[in-house]
Amino acid sequence: MSGKLIVLADANSFFASCETVFDPSLMGRPVVVLSNNDGCVVSRSAQAKTLGIVNGTPWFKIREQATHDGVIARSSNYELYASLSARMMSLMRGHFPHQEIYSIDECFLRSPWDAHTTADACIRMREAVLTGIGIPISIGVAPSKTLAKVANHWAKDHPDEHGVTVWDDATADYIATVLAAIPVERVWGVGRHLTRALQAMGIINALQLRDADPVMIRRRFSVVLECTVLELRGIACMADQSDADKGARTDQILCSRMFSTPITKFDDISQALGLYAQNACRRLRRQHGLCSQVHAFCASSPFNVDKEYLSIHGCTTLQDPSDDPITISRAACEALRHRFDPHGRYIRAGVMLTGLVDADVFHTLDGLEADCDDHHLGAVLDEVTRRFGPMRAGIGYAGIRGHARHDDDTGADWSMRRDMLSSRCTTRWDEMAVVHAR
DNA sequence: TCTGGGGTCCTAGGACCC
DNA sequence: TCTGGGGTCCTAGGACCC
């Protein structure tokens with residue numbers, strides 16, 4: 001099995017750690033980062049975890065107690081996190097021959113070395129990320145991705161491991177005792193529903209799942225869970241995604257937001273849809289794609305028990321695949337216009353693009369284009385955004401910048417709330433960190 | 001017109017991930 | 001008053017074909 005070790009590196013409390021990088025006064029203090037609209041907690045520093053704050057908790061429910069406990073809250077600053085993530089990934093890429101970026105804060109690396117040499121490389125990489133970027137990471141190493149995930153959790157939960165846990169075949173007996181102590185719902189790929197079904201069969205912990213009959217698991221559940229069973233045995237069977245992602249092309253593009261205050265009028269919904277459609281178009285053009293279907297939806301709050309939950313969805317099929325923001329904005333509004341129920345109080349809306357094709361492959365015969373006055377508006381808007389930043393030019397509300405400093409504040413009263421936003425030090429000249437020498 | 005088996009493709013929905 | 005925003009993959013079932 002040597003030469004086949006998989007390394008999983010991921011950041012500790014990534015968003016909260018990013019906030020600390022440019023504000024050292026947060027070091028050692030309970031910090032939480034909130035989702036859009038300052039809705040719920042999505043990242044917590046170690047100290048905030050000790051206070052018992054759970055991820056996903058609505059901020060308004062705990063704000064009073066948390067503030068009393070000295071917790072510092074920040075609005076999510078994805079521009080900053082994406083920038084620090086890119087630096088971190090690039091630094092890690094230099095330590096191993098092969099990297100597969102899995103999410104904004106974690107990546108798989110492949111090690112060609114034995115367990116001992118791999119452990120040394122991991123310790124060096126961890127130190128380099130900590131001193132070079134300022135982000136603490138944890139590392140798990142094992143013969144399969146699923147086991148590497150478990151090892152990574154183990155490293156995080158056990159400070160005496162110094163952030164690096166390495167398992168190989170030689171430690172099989174030890175791994176078994178660890179798996180016996182891990183509840184099945186903490187295994188990668190086992191969510192809420194599967195947990196309930198597995199528990200009903202008497203499979204409570206990771207060791208029991210590992211020792212279950214793969215054929216039975218496949219029959220009762222799926223090949224995915226069968227794969228998890230094999231992975232827990234140290235047999236790598238999950239595909240490497242890094243090649244598949246080479247073109248960075250996705251199968252669908254979704255842009256949806258919650259409003260800071262409910263919307264009742266279709267005019268407001270259609271303004272929001274136009275904004276989201278242009279955002280989706282920008283991502284579509286970035287991956288050199290065209291879309292064939294434009295979906296739009298809006299929904300009321302699922303948490304309001306007094307009012308009926310309303311969720312409306314519509315879809316427009318385009319005559320020809322397109323990446324034009326006017327065509328797609330219009331299609332999004334038309335998809336919903338006739339289904340719209342004026343009695344609803346809508347708190348979210350979104351636009352989804354599907355039927356994506358490669359722009360270089362699709363050609364309409366000359367003279368048969370659906371939209372003969374093709375204005376290349378998308379490319380122009382992209383260039384304006386590149387030179388002058390977001391919200392400087394666009395169709396409808398996408399060209400309006402509100403009085404706040406947030407780029408996505410349209411000035412509309414449903415615009416996203418981000419009251420506790422930190423500076424985007426690494427991507428904006430006018431928001432750079434200031435250092436005082438005394 | 002009836003009958004049967006087997007294959008492919010597409011879509012909606014469910015489950016999972018961070 | 002106030003509860004995120006993206007994605008992926010698999011499966012079942014229907015339409016269609018030979």
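Just so you know, these numbers come straight off a predicted model, no measurement behind them. Throughout, protein chains are lettered first and strands after them, A, B, ... in sequence-line order, and every chain is numbered starting at 1.
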[X] side chain N/O closer than 4.0 Å to the phosphate oxygens (OP1, OP2) of [N]?
{"X": "A:W59", "N": "C:dG4", "value": "no"}
{"X": "A:H193", "N": "B:dC16", "value": "yes"}
{"X": "A:R283", "N": "C:dG7", "value": "yes"}
{"X": "A:R348", "N": "C:dT3", "value": "no"}

(message) Between A:R220 and A:D213, does any NZ, NE, NH1 or NH2 come within less than 4.0 Å of an OD or OE carboxylate oxygen?
(response) no
(request) Inspect the contact between A:E383 and A:R386 and indicate whether a charged nitrogen and a carboxylate oxygen are less than 4.0 angstrom apart. (result) yes
Measure from [atom1] on [X] to [atom2] on [N] and round the result to the nearest Å.
{"X": "A:Y78", "N": "C:dG7", "atom1": "OH", "atom2": "P", "value": "13 Å"}
{"X": "A:F303", "N": "C:dC2", "atom1": "CZ", "atom2": "P", "value": "11 Å"}
{"X": "A:K149", "N": "B:dC18", "atom1": "NZ", "atom2": "P", "value": "4 Å"}
{"X": "A:K145", "N": "B:dC17", "atom1": "NZ", "atom2": "C1'", "value": "13 Å"}
{"X": "A:Q252", "N": "C:dG6", "atom1": "CD", "atom2": "C1'", "value": "9 Å"}
{"X": "A:R218", "N": "C:dT11", "atom1": "CZ", "atom2": "P", "value": "8 Å"}
{"X": "A:L209", "N": "B:dC16", "atom1": "CG", "atom2": "P", "value": "13 Å"}
{"X": "A:Y102", "N": "C:dG7", "atom1": "OH", "atom2": "P", "value": "15 Å"}

(request) Specify whether A:W188 and A:Y102 have parallel, tilted or perpendicular ring planes, treating 30° as the upper limit for parallel and 60° as the lower limit for perpendicular. (result) perpendicular
(request) Could you check whether the rings of A:Y346 and A:F340 sit parallel, tilted or perpendicular, using 30° and 60° as the cut-offs? (result) tilted
Is [X] touching bases, backbone alone, or none of the nucleic acid, heavy atoms closer than 4.0 Å?
{"X": "A:I347", "result": "nothing"}
{"X": "A:D38", "result": "nothing"}
{"X": "A:V187", "result": "sugar-phosphate"}

Nearest listed nucleotide, side chain of [X], among [options]:
{"X": "A:L194", "options": "B:dA15, C:dG6, C:dG5", "value": "B:dA15"}
{"X": "A:V42", "options": "C:dG4, C:dG6, B:dC18", "value": "C:dG4"}
{"X": "A:L254", "options": "C:dG7, C:dT3, C:dC10", "value": "C:dG7"}
{"X": "A:W188", "options": "C:dG4, C:dT11, B:dC18", "value": "B:dC18"}

(message) For the CZ atom on A:R339, are there more than 12 heavy atoms of other groups (residues, nucleotides or ligands in this structure) within a distance under 6.0 Å?
(response) no
